[in-house]
Number of protein chains: 2
Amino acid sequence: MPVPLYQAKAEFFRTLGHPVRIRVLELLAAGDKPVRELRAAIDIEAASLSQQLAVLRLAGLVTKRHDKGDVIYSLSLPAVEQLLAAAREIIQTDAKGRGGLVDDLARPAATP
Amino acid sequence: MPVPLYQAKAEFFRTLGHPVRIRVLELLAAGDKPVRELRAAIDIEAASLSQQLAVLRLAGLVTKRHDKGDVIYSLSLPAVEQLLAAAREIIQTDAKGRGGLVDDLARPAATP
DNA sequence: GTTTCACTTGCAGAAGTATGCAACTCTGCA
DNA sequence: TGCAGAGTTGCATACTTCTGCAAGTGAAAC
């Protein structure tokens with residue numbers, strides 16, 4: 001049973017609509033990462049992270065593989081990276097237009 | 001109080017995560033439209049459409065103006081159009097990869 | 001001024017989504 | 001084989017979001 005494109009699109013965006021999932025995708029955009037490292041960067045319960053990773057996996061946005069005792073995740077659709085960049089631009093432009101509502105703390109692990 | 005960028009991004013995507021809102025944005029991408037016309041194209045209760053338009057307005061994605069007794073909506077962030085196009089490509093690629101889950105009925109009003 | 005048409009808002013119930021805990025699985029190693 | 005550490009899943013609760021109806025607003029026509 002085929003799904004209308006606009007509905008598939010809505011579901012896709014809904015998948016992106018969660019802070020933890022966004023951060024996971026941005027971290028993975030910089031390169032494959034073990035769960036351990038994602039967990040450290042995001043500072044979240046292991047179970048919650050697994051939950052969100054499962055959502056991303058089911059949506060087909062990430063894939064996992066095992067390597068020497070830990071689990072490595074990677075982006076399966078590189079185009080997602082461009083999408084995130086586009087969103088960043090839109091939001092920053094918009095925020096400027098309204099007076100700087102948005103603070104760039106996108107990567108707390110990178111700038112502690 | 002500044003909002004972290006990743007959270008703003010999540011909210012932004014969540015705003016896009018609704019079939020009616022996607023269709024409204026795609027219709028508006030083709031040009032400004034009166035509510036009446038959106039309503040005809042999407043085939044939805046007037047109240048529901050208004051609700052979704054209000055969401056888009058609050059998110060700053062569309063603006064409205066009055067003109068000779070009806071209300072005209074337009075995209076306020078043209079970049080959104082590119083975002084939708086990017087999403088379309090990702091989804092179609094993904095769908096092909098999985099065996100054609102997605103049917104292109106994005107614009108039923110345009111090709112009856 | 002009031003009638004009409006077009007759109008919007010408020011609200012309550014229904015449905016979907018997130019969270020945290022506890023239990024389970026899997027991998028590597030002694 | 002049995003243990004330890006790392007991830008994952010299931011489930012119950014709490015929360016958010018959606019939907020449809022009824023009432024309300026606002027601008028043009030009469």
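Just the heavy atoms: all of them, side chains too, but no hydrogens, waters or symmetry mates, feed the values below. All of these numbers come straight from a predicted model, not from anything done at the bench.
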**Q** How long is the span from the NZ atom in A:Lys33 to the CG atom in A:Asp70, to the nearest 0.5 Å?
**A** 13.0 Å
**Q** To the nearest 0.5 Å, how far apart are CG in B:Leu38 and CG in B:Asp43?
**A**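 Rounded to the nearest 0.5 Å, the CG-CG separation comes to 13.0 Å.
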**Q** Just the rounded figure in Å: distance from C1' of C:dA6 to CZ of B:Arg65.
**A**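 Atom-to-atom, B:Arg65 to C:dA6, this comes out as 16 Å.
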**Q** Over how many whole Å does the gap from A:Ile44 atom CD1 to D:dA6 atom C1' extend?
**A** 16 Å
**Q** Whole angstroms only, please: what is the CG-P distance between B:Leu53 and C:dT8?
**A**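 Roughly 6 Å, once rounded to whole Å.
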**Q** Which sits closer to the 5' end of DNA chain D, A:Pro34 or B:Lys68, going by the nucleotide each is nearest to?
**A**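 Counting from the 5' end, the first nearest nucleotide belongs to A:Pro34.
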**Q** Between C:dT8, C:dG20, D:dG20, which one does the side chain of B:Lys64 approach most closely?
**A** C:dT8
**Q** Where each residue is assigned the nucleotide of DNA chain D containing its nearest heavy atom, which of B:Arg21 and A:Arg39 is assigned the position nearer the 5′ end?
**A**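 Closest to the 5' end, via its nearest nucleotide, is A:Arg39.
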**Q** To the nearest Å, how far apart are A:Leu56 CG and D:dT8 P?
**A**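 Computing the A:Leu56:CG to D:dT8:P distance gives 12 Å.
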**Q** Within this structure, what is the CG-to-P distance between A:Asp67 and D:dA6, rounded to whole angstrom?
**A**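 About 15 Å, once rounded to whole Å.
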**Q** When you measure from the side chain of A:Gln52, which nucleotide among C:dT9, C:dT19, D:dT19 comes out closest?
**A** C:dT19
**Q** Please work out if A:Gln51 contacts a base, only the sugar-phosphate, or nothing of the nucleic acid, heavy-atom cut-off 4.0 Å.
**A** base
**Q** Would you indicate which nucleotide in D:dA27, D:dT16, C:dT8 comes nearest to any side-chain atom of B:Tyr73?
**A**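 The answer is C:dT8.
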**Q** How long is the span from the CG atom in A:Asp32 to the CD atom in A:Glu37, to the nearest 0.5 Å?
**A** 10.5 Å
**Q** So if I take every side-chain heavy atom of B:Ala46 and compare against D:dT9, C:dT8, D:dT19, which nucleotide ends up nearest?
**A**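 Nearest to the side-chain atoms of B:Ala46, counting from C-beta on, is C:dT8.
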**Q** Which is more 5' along DNA chain C, the nucleotide nearest A:Val20 or the one nearest A:Asp70? Just name the residue.
**A**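 Of the two residues, A:Val20 wins.
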**Q** Whether A:His18 contacts C:dT19 is assessed here as follows: a side-chain N or O lying under 4.0 Å from the phosphate OP1 or OP2. Is that the case?
**A** yes
**Q** Roughly how far, to the nearest 0.5 Å, is CZ of B:Arg36 from CG of B:Leu49?
**A** 12.5 Å
**Q** Treating Ile, Leu, Val, Met, Phe, Trp and Tyr as nodes and any side-chain heavy-atom pair under 4.5 angstrom as an edge, say whether B:Val71 and B:Val62 lie in one connected cluster.
**A** yes
**Q** From C-beta outward on B:Arg14, which listed nucleotide comes closest to its side chain: D:dA27, C:dC21, D:dT16?
**A** D:dT16
**Q** Take the protein atom CG of B:Leu49 and the nucleotide atom C1' of D:dC18, then report the distance between them rounded to whole Å.
**A** 15 Å
**Q** Does OP1 or OP2 of D:dT25 have a side-chain N or O of B:His66 closer than 4.0 Å?
**A** no
**Q** Just how far is it from atom OH of A:Tyr73 to atom CG of A:Leu53, taken to the nearest 0.5 Å?
**A** 4.5 Å
**Q** Which sits closer to the 5' end of DNA chain C, A:Gly17 or B:Ala47, going by the nucleotide each is nearest to?
**A** B:Ala47
**Q** Which of these nucleotides, D:dT19, D:dT17, C:dT9, is closest to any side-chain atom of B:Ser50?
**A**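 From the listed options, C:dT9 comes nearest.
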**Q** A:Arg57 has an atom CZ; how far is it from atom C1' of D:dT9, in whole Å?
**A**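 The answer, rounded to whole Å, is 10 Å.
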**Q** Classify the nucleic acid contact of B:Arg36 as base, sugar-phosphate or nothing, counting any heavy atom under 4.0 Å across all strands shown.
**A** sugar-phosphate
**Q** Let me know the distance between CG of B:Leu58 and P of C:dG10, rounded to the nearest Å.
**A** 11 Å
